[in-house]
2 protein chains.
Amino acid sequence: MKVKGASCISCPMDPVLKAVTGRWTTTILWNLSSEGPLRFGALMGLMPEISAKVLTDRLKMLERNGIVLRTQKPTIPPEVSYEMTEHGRDLHQALRSLHEVALKWDAEGWKPGEGFPEDPLPRAAE
Amino acid sequence: MKVKGASCISCPMDPVLKAVTGRWTTTILWNLSSEGPLRFGALMGLMPEISAKVLTDRLKMLERNGIVLRTQKPTIPPEVSYEMTEHGRDLHQALRSLHEVALKWDAEGWKPGEGFPEDPLPRAAE
DNA sequence: GTAACCGGTTACCAAAATGAAAGTAAAAGG
DNA sequence: CCTTTTACTTTCATTTTGGTAACCGGTTAC
């Protein structure tokens with residue numbers, strides 16, 4: 001009688017959240033989703049604070065989950081690139097929505113740990 | 001010269017992702033977003049595997065970030081409830097998109113660690 | 001007198017995640 | 001022969017995180 005239509009303990013959100021949220025994971029997905037295929041080194045360049053070990057771990061997990069596709073050219077030195085799979089691209093809209101929120105909050109002066117300043121728009125104080 | 005319009009090292013995604021993704025955080029936000037205000041005990045009930053300590057931690061962080069609002073009635077025993085702030089509600093669309101992905105992947109047989117079965121639609125094998 | 005209620009807090013400890021650095025492969029260029 | 005390149009892998013030490021369990025306050029029910 002309280003069901004509003006969406007939330008539930010056993011709804012399939014949990015496993016998906018485990019797969020796509022978490023340290024670095026969403027950042028990687030956002031980069032791949034907005035930039036297209038990227039080589040390992042390019043991803044490292046976009047995320048200067050990640051270590052090769054962790055990036056490798058996350059990419060492997062995303063690949064196991066069928067969200068990211070790894071393509072290796074058998075050249076020397078090797079050229080490996082990563083991109084969203086067809087399934088992975090389902091996340092495009094969610095990632096774009098998150099990005100929009102990020103832009104909005106940034107414009108409103110939001111800061112991690114401090115939240116928002118009193119008023120989003122200093123001009124035209126009501 | 002390669003800018004396509006969205007991704008960038010210093011774009012405001014990183015701090016927002018730190019605030020809204022992470023273990024349990026997104027689940028809490030999804031519950032509050034889809035169910036409306038919830039008491040501490042109700043949140044515990046919706047997430048049977050979380051501990052009180054971790055739930056408290058996450059709620060405090062979300063409150064510090066201006067995403068969640070904590071309301072305490074000075075009754076005995078106390079009644080505390082949590083809800084999305086006005087700013088926090090900016091996440092509604094992103095959370096709904098994520099939920100849609102979760103429903104779709106679930107319908108396609110996606111499993112964490114195993115990805116998708118060969119074909120989303122067993123019928124009409126090509 | 002004392003246990004229960006709710007929404008926590010605190011201390012302690014084990015487990016997991018992370019970071020830095022070095023190593024690996026195999027060929028091409030000096 | 002030695003270095004450079006890319007994309008890792010491995011090792012080790014450190015940091016972070018999580019779980020458990022006990023405790024808290026103030027009032028009511030037993």
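Hydrogens, waters and symmetry mates are skipped; everything else that's a heavy atom, side chains included, is used.
- If one axis is set at each end of the helix from C/dG1-D/dC30 to C/dG30-D/dC1 from five pairs, those axes are 30° apart, to 10°.
- Distance, A/L43 CG to D/dT6 C1': 14 Å, rounded to whole Å.
- A heavy-atom distance below 4.5 Å is not found between the side chains of B/M61 and B/I67.
- Proximity of A/R23 to the phosphate of D/dT15: no side-chain N or O atom is located under 4.0 Å from OP1 or OP2.
- A straight line from NZ of A/K53 to P of D/dC12 spans 12 Å, rounded to a whole angstrom.
- Looking only at side-chain heavy atoms (C-beta outward), A/V16 and A/T21 stay at 4.5 Å or farther from each other.
- The side-chain heavy atoms of B/E63 and B/L69, taken from C-beta on, include no pair separated by under 4.5 Å.
- Looking at A/L95 and A/T26, their side chains come closer than 4.5 Å, going by heavy atoms from C-beta outward.
- For the pair A/I50 CD1 and C/dA17 C1', the computed distance is 13 Å after rounding to whole Å.
- Remark: C1' of D/dT5 and CE of A/M44 are 15 Å apart, rounded to the nearest angstrom.
- Rounded to an integer number of Å, the gap from B/R70 CZ to C/dC6 P is 16 Å.
- The shortest side-chain heavy-atom distance between A/R70 and A/K60 does not fall under the 4.5 Å cut-off.
- Two residues are said to be in side-chain contact when any heavy atoms from C-beta on lie closer than 4.5 Å; A/D57 and A/W24 fail this criterion.
- The side-chain heavy atoms of B/L38 and B/E83, taken from C-beta on, include no pair separated by under 4.5 Å.
- Note on A/R39: a side-chain N or O is less than 4.0 Å away from OP1 or OP2 of D/dA7.
- Residues from residues 71-85 of chain A with heavy atoms under 4.0 angstrom of DNA chain D, sorted by number: A/P77, A/P78, A/E79, A/V80, A/Y82.
- Separating the CG atom of A/D57 from the P atom of D/dT10 is a distance of 11 Å, rounded to the nearest angstrom.
- Centroid-to-centroid, the aromatic rings of B/H87 and A/W110 stay 6.0 Å apart or farther.
- Taking atom CD1 of residue B/I28 and atom P of nucleotide C/dG7, one finds them 15 Å apart after rounding to whole Å.
- For the pair A/M61 CE and C/dT18 C1', the computed distance is 15 Å after rounding to whole Å.
- Dashed line: the shortest gap from a side-chain N or O of A/R58 to OP1 or OP2 of D/dC8 is not under 4.0 Å.
- Proximity of B/S51 to the phosphate of D/dG19: a side-chain N or O atom is located under 4.0 Å from OP1 or OP2.
- Between B/V80 and B/T71, every side-chain heavy-atom pair lies at or beyond the 4.5 Å cut-off.
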